[in-house]
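In what follows, a structure is listed as structure tokens, so that the remarks can point back to it.
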Amino acid sequence: MKDRYEFKEIEAKWQKIWADEKAFKTVEDDSKEKFYVLEMFPYPSGKLHMGHARNYSIGDVIARFKKMAGYNVLHPMGYDSFGLPAENAAIQHNVEPAKWTYENMEEMDRQLSSMGLSYDWDRKVATCKPDYYRWMQWIFIQFYKKGLAYKKDNPVNWCPSCNTVLANEQVVEGKCERCHTEVTKKNLSQWYLKITDYADRLLDNLDKLEGWPDKVKTMQRNWIGKSYGANIDFRIKDSDKVLEVFTTRADTLFGATYMVMSPEHPYVDELVSGSEVEADVREYQESVKHKSDIERTSTTTEKTGVFIGRYAINPVNNKEIPIYISDYVLMGYGTGAIMAVPAHDQRDFDFAKKFGLEIVPVVDPENPDIDLYDLKEAFVAEGSMINSGKFDGMNNIQAIPAMIDWLNEQGIGDKTVNFRLRDWLISRQRYWGTPIPMIYCEDCGWVPEKEENLPVLLPTDVEFTGKGESPIASSKTFVDTICPVCGKPAKREIDTMDTFLDSSWYYLRYTDAHNENLPFAKEKADYWMKVDQYIGGVEHAILHLMYARFFQMFLHDIGMSDVEEPFENLLTQGMVIKDGAKMSKSLGNIVSPAEIQEKYGSDTARLFILFAAPPEKELDWSDEGVEGSFRFLCRVYRLIYDYIKDIRGDEIVCGDSAALTEADKNLNYMINSTIKKVTEDVGGRFNFNTAISSIMELVNAMYKYRNGKEINLPLFNKAVETLVTVLSPFTPHICEELWTMLGHEDRLYNKEWPSYDESALVLDEIEVVVQINGKLKDRLKLPNNTEKEVSIEAAKSLDRVKAETDGKEIVKIIFIPNKIVNFVVK
RNA sequence: GCCGGUGUGGCGGAAUUGGCAGACGCGCGGGAUUCAAAAUCCCGUGAUAGCAAUAUCGUGUGGGUUCGACCCCCACCACCGGCACCA
């Protein structure tokens with residue numbers, strides 16, 4: 001027993017014991033209620049940062065608490081280990097991505113263990129290992145078999161300097177995240193997953209996710225972007241073609257004075273072919289292709305476009321209206337063409353003003369301040385219909401369904417729903433990812449590799465130049481193969497999968513991490529799923545969390561899992577900031593978990609992280625605050641050390657406490673109220689900061705009690721053991737050590753969570769507040785549950801109350817038992 | 001522009017949801033201990049006035065509801081985050 005808190009020794013000792021005892025290994029057990037706690041697994045960059053430390057500290061408190069509370073807890077960890085940084089290391093430092101990644105994972109293992117996290121390491125997964133990506137490929141083939149994976153030509157983000165495709169998330173403000181070159185569009189043949197088939201379900205199910213923050217649900221709703229409207233057909237003059245548009249504002253159809261097609265619209269070529277504007281149109285199309293996203297989508301840029309020399313017929317009034325192409329109309333949304341109503345749409349208004357097009361108002365704001373025939377901006381609010389034939393006078397909102405019905409009768413329009421969500425482009429021209437297990441045969445077309453031949457292994461004979469197509473193309477062994485259908489020579493797909501696929505089902509693999517016949521056995525997934533508590537950064541609110549939901553729905557649909565949604569409760573932790581800004585290299589305000597562990601130990605790091613702010617809020621890093629957390633642990637250690645050495649001596653305390661003095665009762669109250677508070681704060685609302693503050697209050701009370709006259713040994717012993725137990729989910733090493741010092745041979749991590757004694761929480765005397773007109777005037781000590789009349793009389797007899805009510809009329813008396821007596825006087 | 005969030009001491013944050021505003025921690029001030037210092041233990045610490053008891057003010061701003069509002073309602077301001085030419 002050391003007289004000082006030697007954190008390094010203690011932490012190393014207990015980490016070894018937990019590992020040797022396989023303390024957190026878990027198996028399916030129907031006799032207990034299960035609880036699955038999951039933190040978003042990291043990319044193995046090799047260095048744990050404070051965001052990781054926060055994420056895992058939160059998860060670990062929950063996991064340890066739930067285990068002590070009697071649940072069968074699954075708390076796994078692994079690595080999202082495919083991805084670009086490994087390949088950049090290969091290009092820049094000539095290290096193989098596999099070597100780089102495996103070394104990093106070893107280092108991360110060490111760092112995670114040093115935090116004392118309660119993982120079941122036997123279930124570790126790494127997405128870059130063939131035993132994982134084999135099943136990733138298998139799942140991809142199931143998508144393909146259901147018609148949900150397909151290949152098509154489409155414009156994609158292209159970095160002309162790196163010569164590669166970029167994912168949307170790798171385009172930062174219109175520039176390549178690596179070389180900062182402006183990104184352009186290029187047509188390439190790519191694999192897609194048909195997530196749009198699940199758009200409605202992804203949207204509707206959000207209402208059922210009660211354990212998710214509204215913020216995340218709203219972000220997903222906006223991303224899916226469902227809107228109701230109509231498709232309307234416009235005949236093109238002197239052509240047999242019909243131009244279909246999508247609109248949410250069918251009510252404004254009479255105000256459509258021109259039309260706009262996307263420059264990529266498939267009709268454009270034919271409509272302009274051979275005309276005198278053909279050259280202009282082609283030039284415009286070309287310029288749009290070379291525009292960066294940033295220019296093209298900026299709302300501040302002036303509208304551009306070209307008249308294509310053609311006219312359409314507005315079906316409601318047979319007016320001939322000119323057709324333009326402009327890049328403000330996107331091919332990927334709706335039908336790629338719009339009817340333009342400049343009076344009631346700001347974008348159309350801007351365009352019409354620039355090109356001198358007619359503006360016809362059809363909704364009257366009925367506001368004398370607005371001159372309908374000289375609008376300064378589009379009028380987009382509610383009003384009554386004008387210039388609209390038989391619809392005149394109707395409220396425009398009501399006119400929408402009326403107009404659609406009428407169009408329907410005429411056979412020129414239909415009710416439609418549109419989504420903003422697009423299919424998921426999953427091809428990457430990269431090496432360090434899961435090979436897409438598809439083979440191209442001249443005769444059979446694209447066919448999947450036979451499932452028994454999986455995994456399609458990543459080749460190792462490749463060159464990393466950072467230029468051109470996927471490095472896999474340079475392999476001499478990979479590309480040439482035979483067609484699984486007809487046996488003729490064929491070629492493998494050389495692109496790999498977006499790493500977001502790997503992370504879309506890893507939580508299922510944890511439930512059965514070593515299965516060699518399937519991604520996971522259904523019984524195991526059904527035992528553990530859903531994830532009861534998922535914890536991670538809000539930056540994954542849309543992509544990862546939506547892709548995972550999509551995968552879970554699909555795997556449910558093909559009978560592999562009973563559950564349709566993967567995550568029951570979601571906690572999005574706040575950022576770690578310092579000096580008012582996010583920790584970053586460029587600002588030089590980074591504090592690494594490693595340096596805190598070195599100086600104060602992991603328990604202090606965990607305690608500070610959990611104490612300084614509630615988990616979903618920003619955490620403002622403070623070196624003095626860390627010092628304070630360390631001081632608290634020293635204070636706890638000293639209190640218990642002194643107790644064992646000087647107070648308890650060699651005597652082991654047991655038995656019931658005798659008659660309690662006033663001070664004893666107070667301590668007993670503190671013991672029980674602390675258990676109650678911590679149980680509620682950790683088990684229910686995840687307010688770790690207030691749970692810790694209540695434990696600090698207990699420690700303060702124990703010092704005060706100890707410094708008093710007489711010590712009731714059994715009671716004080718109970719306080720000591722309670723303290724060590726309820727603190728253990730937060731700072732497990734020091735608590736296990738103190739528990740052992742107290743003479744126990746069992747382990748805290750296995751110990752039952754304490755319950756509290758309600759009767760100890762009932763005080764004999766309660767302080768009741770006395771108010772006059774709602775203002776605090778005095779306090780009154782009264783026996784618990786004193787009835788109304790007695791309380792009021794006692795309050796009335798107070799000097800302060802007498803003085804202030806004298807000569808005034810008491811209009812009303814408000815009484816709340818054990819809380820308030822309030823006199824309302826005039 | 002649209003959607004979401006947050007505004008409380010010198011600082012991080014409490015207030016169990018309409019009932020003692022400022023728990024707990026940091027910082028600061030004082031005391032004990034020490035030859036001295038560090039560490040530790042104890043006390044104090046929203047503002048203003050007062051020796052004091054005490055009084056007045058006080059949760060971004062302005063109004064409202066209520067015996068009583070950080071909490072509910074209306075209007076506004078500031079900051080942060082997400083999406084953004086989605087028809």
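This structure is a prediction, so every number in the text was calculated from the model and none was measured. Below, chain A is the first sequence line, B the second, and so on; all start at residue 1.
Ranking B:C24, B:G19, B:C67 by closeness to the A:Lys812 side chain, first place goes to B:C67. Nearest to the side chain of A:Glu697, among B:C67, B:U40, B:A23, sits B:A23. For A:Met219, the listed nucleotide lying nearest its side chain is B:G82; candidates were B:C67, B:A87, B:G82. Side chain of A:Asn707, nearest nucleotide from B:C41, B:A87, B:C26: B:C41. For A:Lys704, counting side-chain heavy atoms from C-beta on, the closest listed nucleotide (B:U40, B:G82, B:C43) is B:C43. Checking B:G19, B:C83, B:U40 against the side-chain heavy atoms of A:Ile816 singles out B:G19 as nearest. Counting only heavy atoms from C-beta on, A:Thr218 has its side chain closest to B:G4 among B:G4, B:C42, B:G27. Comparing atom distances between the A:Met696 side chain and each of B:G25, B:G19, B:A87 picks out B:G25 as nearest.
Proximity of A:Arg635 to the phosphate of B:C41: a side-chain N or O atom is located under 4.0 Å from OP1 or OP2. Here A:Asn700 reaches the OP1 or OP2 of B:G25: one of its side-chain N or O atoms lies under 4.0 Å away. At B:C83, none of the side-chain N or O atoms of A:Arg420 fall inside 4.0 Å of OP1 or OP2 (strictly under the cut-off). One finds a side-chain N or O of A:Tyr703 lying less than 4.0 angstrom from the OP1 or OP2 phosphate oxygen of B:C41. Dashed line: the shortest gap from a side-chain N or O of A:Arg631 to OP1 or OP2 of B:C26 is under 4.0 Å.
In this structure, A:Lys303 is positioned above the aromatic face of A:Tyr328, its NZ or CZ under 6.0 Å from the six-membered ring centre and within 45° of the axis.
No N or O donor and acceptor, one from the side chain of A:Asn222 and one from the base of B:C83, sit under 3.5 Å apart. Side-chain atoms of A:Gln771 come within donor-acceptor range of the base of B:G19, with a qualifying N/O pair under 3.5 Å.
When heavy atoms are screened at a 4.0 angstrom cut-off, A:Arg706 is found touching no nucleic acid atom at all. Counting any heavy atom pair closer than 4.0 Å across all strands shown, A:Ser694 reaches no nucleic acid atom.
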Nucleotide by nucleotide, 5' to 3', does protein get under 4.0 Å of the base (B), only the sugar-phosphate (S), or neither (-) in nucleotides 10-16 of chain B, counting heavy atoms?
--BSSSS
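Ring pair A:Phe351/A:Tyr258: centre-to-centre distance below 6.0 Å. Between A:Phe608 and A:Trp621, the ring center distance clears the sub-6.0 Å criterion. The aromatic ring centroids of A:Tyr324 and A:Phe355 lie less than 6.0 Å from each other.
Each of A:Asn773 and A:Gly225 was matched to the nucleotide of RNA chain B holding its nearest heavy atom; the match closer to the 5' end belongs to A:Asn773. Positionally, the nearest nucleotide of RNA chain B for A:Asn822 lies more toward the 5' end than for the other of A:Thr335 and A:Asn822.
Here the side chains of A:Arg549 and A:Gln220 are in contact, with some heavy-atom distance below 4.5 Å.
Remark: the A:Ser227 side chain and the A:Asn418 side chain contain no N/O donor-acceptor pair separated by less than 3.5 Å.
For the atom pair OG (A:Ser388) and CG (A:Asn396), the distance works out to 9.5 Å, reported to the nearest 0.5 Å.
As rounded to whole Å, 4 Å separates atom P of B:A87 from atom OH of A:Tyr333. Atom P of nucleotide B:A87 and atom OH of A:Tyr228 are separated by 13 Å, given to the nearest angstrom.
Glycosidic conformation at B:U6 (O4'-C1'-N9-C4 for purines, O4'-C1'-N1-C2 for pyrimidines): anti, more than 90° from 0. By the rule that a glycosidic angle within 90° of 0 means syn, B:G7 does not qualify and counts as anti.
With sequence neighbours excluded, the residues that form a side chain to side chain contact (heavy atoms under 4.5 Å, CB included) with A:His265 are A:Leu243, A:Met261, A:Tyr267, A:Val268, A:Met331, A:Ala337.
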